[in-house]
Amino acid sequence: MGAVPGSLDTDTDLPLALPLRHFVVGLGFLALGALVGIGQVAGVVPGLASLAHAHLLLVGWVCVTIMGAMTQFVPVWSGASLYSPRLASFQLALVVAGLSGFVAALTLGAMAWLAPFGALLLLGFWTFAYNILRTLATVEEYDVTERHFGYALGFFCLLTLFGLGLAVDFTHPFTASLPVDHAHLRQAHATLAVFGAVLTTIYGALYQLGTMFTQSDLHGVDHSLQSVEAAAHPLGVVLLAGGRLVGSVPVARLGGLLVVAAALAMSAVLGRRLFEMQVEWEPMHTRYGVVTVALVAWAVSAVPAWISAPTAGAHLFGASGSVHLLALGVVGTVLVGTLYHIVPFIIWVERYSDRLGFEAVPMIDDLYDDRLAAADGALWVGGAVCLVGAAWLGLPSSVVAVGGVMVGLSIAAFAANMLLVVHEHGPDPFDRVLLGSLSPRPEPVAEDDSSPSDV
């Protein structure tokens with residue numbers, strides 16, 4: 001099975017249909033976000049197309065995927081039962097309804113509807129946070145992953161509160177009477193979203209996934225690096241967002257440098273795991289190698305920008321033009337690479353695990369098309385290089401167009417690969433995954449009374 005998470009307790013009572021529904025819905029928003037991005041470049045998407053594009057990708061794909069992943073793996077990693085599967089279904093419905101209406105309002109210019117749909121988004125994410133926090137409340141002692149997830153849930157609650165404030169401010173301006181203006185509130189909201197909710201979750205997951213997929217353990221300097229990251233990152237996010245909220249350059253600068261230090265520490269931990277890996281090199285490890293390099297490049301490029309002007313709009317995500325390095329090289333690569341194992345793993349556990357030893361069953365990595373995976377990985381990295389290179393080197397717009405097309409093709413290949421896994425291997429896939437629970441696994445039946453058949 002290659003780098004299969006074999007140490008996970010697959011006998012835990014997992015709501016397998018719930019994370020799959022989140023992942024499939026996230027893929028839908030990813031595809032829609034790509035289409036809106038193409039339409040924005042072509043000038044055919046009306047209204048606030050850039051905001052719609054950003055929310056479809058960040059909220060619709062990244063955050064919905066995170067919701068599904070936490071719903072699946074917090075119970076597994078923590079050895080606890082999910083507090084409420086019904087709330088997990090409810091959270092997805094609220095976020096889908098809220099985001100769909102929010103994006104429609106942005107593109108149609110119906111600003112009066114931003115606040116109501118923003119309220120649905122807030123309720124959905126707060127429901128998610130409540131459900132996971134109640135699940136974690138049964139754990140006696142938190143490890144580094146669980147602490148990161150706890151911080152991330154707090155950031156989710158805060159960023160959605162700021163987002164609702166921004167939505168209200170569009171039609172009922174209230175920031176004019178406050179020391180915090182709309183632009184500062186928007187910067188704090190984006191900071192909490194990208195560096196708070198998303199990166200904190202990714203860092204927490206990488207401590208588990210990095211060791212799991214490389215079959216290596218943290219040791220020596222790894223523990224010191226982990227301590228630096230675990231302390232510097234959440235504090236840095238709070239200071240960076242707070243400094244931007246009130247327009248304090250020194251506070252934002254300190255926060256930004258702490259975030260950078262944490263990123264370098266995390267990249268060192270991940271790089272050491274890849275260097276010391278005890279299993280055969282696989283495409284998953286290549287993706288993590290890309291993440292390591294991209295995270296270092298982003299961190300180094302962010303230092304001069306955040307020292308000089310950490311509250312400038314052009315430096316919201318670090319150096320000018322580095323948003324694609326962070327979004328594609330780090331966040332997107334982690335999500336895509338991880339989903340290539342999570343989705344087949346969930347399907348394999350549900351469909352084939354009880355048949356193992358009784359009949360020939362495929363390995364987990366056999367469930368998806370490895371050629372299609374290699375193609376989408378190459379397109380993803382190539383597109384990211386084009387977009388980042390165009391921004392940093394001032395390359396012509398044709399390079400940007402080529403990069404955008406490559407990323408779009410990569411998204412199409414990745415989505416097709418994942419949907420084929422569900423379609424070909426999931427029992428009664430789409431009606432069960434999207435509308436209800438997965439079908440019960442068939443009872444294994446040995447071919448004779450004495451021993452199971454050869455696998």
Side-chain angles (χ1 to χ4, degrees), residues 1-8 65-66 69 73 77 143-145 148 198-230 232-233 259-302 322 324-345 363-365 368 370 373-385 388 410 414:
M1 295 184 191
V4 171
S7 60
L8 296 182
T65 299
I66 286 174
F73 284 108
W77 286 335
D143 63 15
V144 63
T145 294
H148 276 72
V198 175
L199 267 190
T200 306
T201 302
I202 286 176
Y203 288 173
L206 283 177
Y207 283 116
Q208 291 279 353
L209 298 174
T211 55
M212 181 190 308
F213 290 123
T214 61
Q215 293 295 296
S216 64
D217 296 322
L218 300 186
H219 64 92
V221 71
D222 294 323
H223 295 295
S224 298
L225 292 168
Q226 176 184 291
S227 297
V228 169
E229 183 280 319
H233 183 74
V259 169
V260 166
L264 292 173
M266 187 72 246
S267 64
V269 171
L270 185 58
R272 280 172 54 82
R273 301 283 58 72
L274 294 172
F275 181 76
E276 297 178 358
M277 60 185 295
Q278 302 298 311
V279 294
E280 184 180 351
W281 189 274
E282 294 185 350
M284 178 70 168
H285 304 118
T286 300
R287 293 180 189 271
Y288 280 179
V290 170
V291 171
T292 303
V293 173
L295 193 55
V296 171
W298 170 81
V300 171
S301 68
S322 65
H324 290 109
L325 183 60
L326 188 63
L328 298 177
V330 179
V331 176
T333 303
V334 169
L335 260 62
V336 170
T338 304
L339 284 175
Y340 262 114
H341 279 272
I342 290 179
V343 172
F345 171 73
M363 301 302 184
I364 293 178
D365 291 341
Y368 63 83
D370 55 353
D376 91 60
L379 287 167
W380 185 272
V381 174
V385 169
V388 174
S410 174
F414 164 64

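The shown structure was predicted, so the numbers you read here are calculated from the model rather than taken from an experiment. Every heavy atom of this structure was used, including side-chain atoms; hydrogens, water molecules and symmetry mates were not.
I202 has its side chain within reach of L335: a pair of non-hydrogen atoms, C-beta onward, lies under 4.5 Å apart. Side-chain contact between V144 and Y203 is absent, with no heavy-atom pair separated by less than 4.5 Å. Side-chain contact between F73 and L209 is absent, with no heavy atoms from C-beta onward closer than 4.5 Å. Within the 4.5 Å cutoff, the side chain of F213 has no heavy atoms near those of the Q208 side chain. Contact check for D370 versus D365: no side-chain heavy atoms found under the 4.5 Å cut-off. Side-chain contact check for L328 versus T333: every heavy-atom pair is 4.5 Å or farther apart.
When atom types are taken as modelled, the side chain of T292 and the backbone of L270 share no donor-acceptor pair closer than 3.5 angstrom.
Residues L295 and A263 come closest through the heavy atom pair CD2-O, 3.4 Å. Here the shortest heavy-atom pairing between V331 and V198 reads CG1-CG1, 3.7 Å. The two residues D376 and S410 come nearest to each other via the heavy atoms O-OG, 2.7 Å. Across all their heavy atoms, T211 and D217 have their closest contact at CG2-CA, 4.5 Å.
Annotation: the span from L199 atom CG to L326 atom CG amounts to 5.5 Å, rounded to 0.5 Å. Note that CG of L225 is 9.0 Å distant from CE of M266, once rounded to the nearest 0.5 Å. Taken from CG in L206 to CE in M212, the straight-line distance is 11.0 Å, to the nearest 0.5 Å. S227 OG to D222 CG: the interatomic distance, rounded to the nearest 0.5 Å, is 10.5 Å.
Defined by atom type and a distance below 3.5 Å, a donor-acceptor pair is missing between the side-chain atoms of H285 and E280. Y288 and E282 form no side-chain donor-acceptor contact under 3.5 Å, judged by distance and modelled atom types alone. Side-chain contact of S216 with R273: a donor-acceptor pair under 3.5 Å is present, judged by distance alone.
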Q.
Set out, in order, the CA-CA distance, both residues' side-chain angles and the distance that settles side chain to side chain contact (heavy atoms under 4.5 Å, CB included) for M284 and H341, then state yes or no.
A. CA-CA 8 Å; M284 178 70 168; H341 279 272; 3.6 Å; yes

Q.
Let's go through V330 and L325 carefully: what are the C-alpha distance in whole Å and the side-chain angles of both, what is the deciding distance for side chain to side chain contact (heavy atoms under 4.5 Å, CB included) to 0.1 Å, and is it a yes or a no?
A. CA-CA 7 Å; V330 179; L325 183 60; 6.0 Å; no

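With sequence neighbours excluded, the residues forming a ring-ring contact (aromatic ring centres under 6.0 Å, His included) with Y340 are Y368, F414, listed by chain and number. By the side chain to side chain contact (heavy atoms under 4.5 Å, CB included) test, T200 is found to be paired with H148, Y151, A152, F155, H233, residues two or more places apart in sequence or in another chain being considered. H324 pairs by the ring-ring contact (aromatic ring centres under 6.0 Å, His included) definition with nothing, not counting sequence neighbours.
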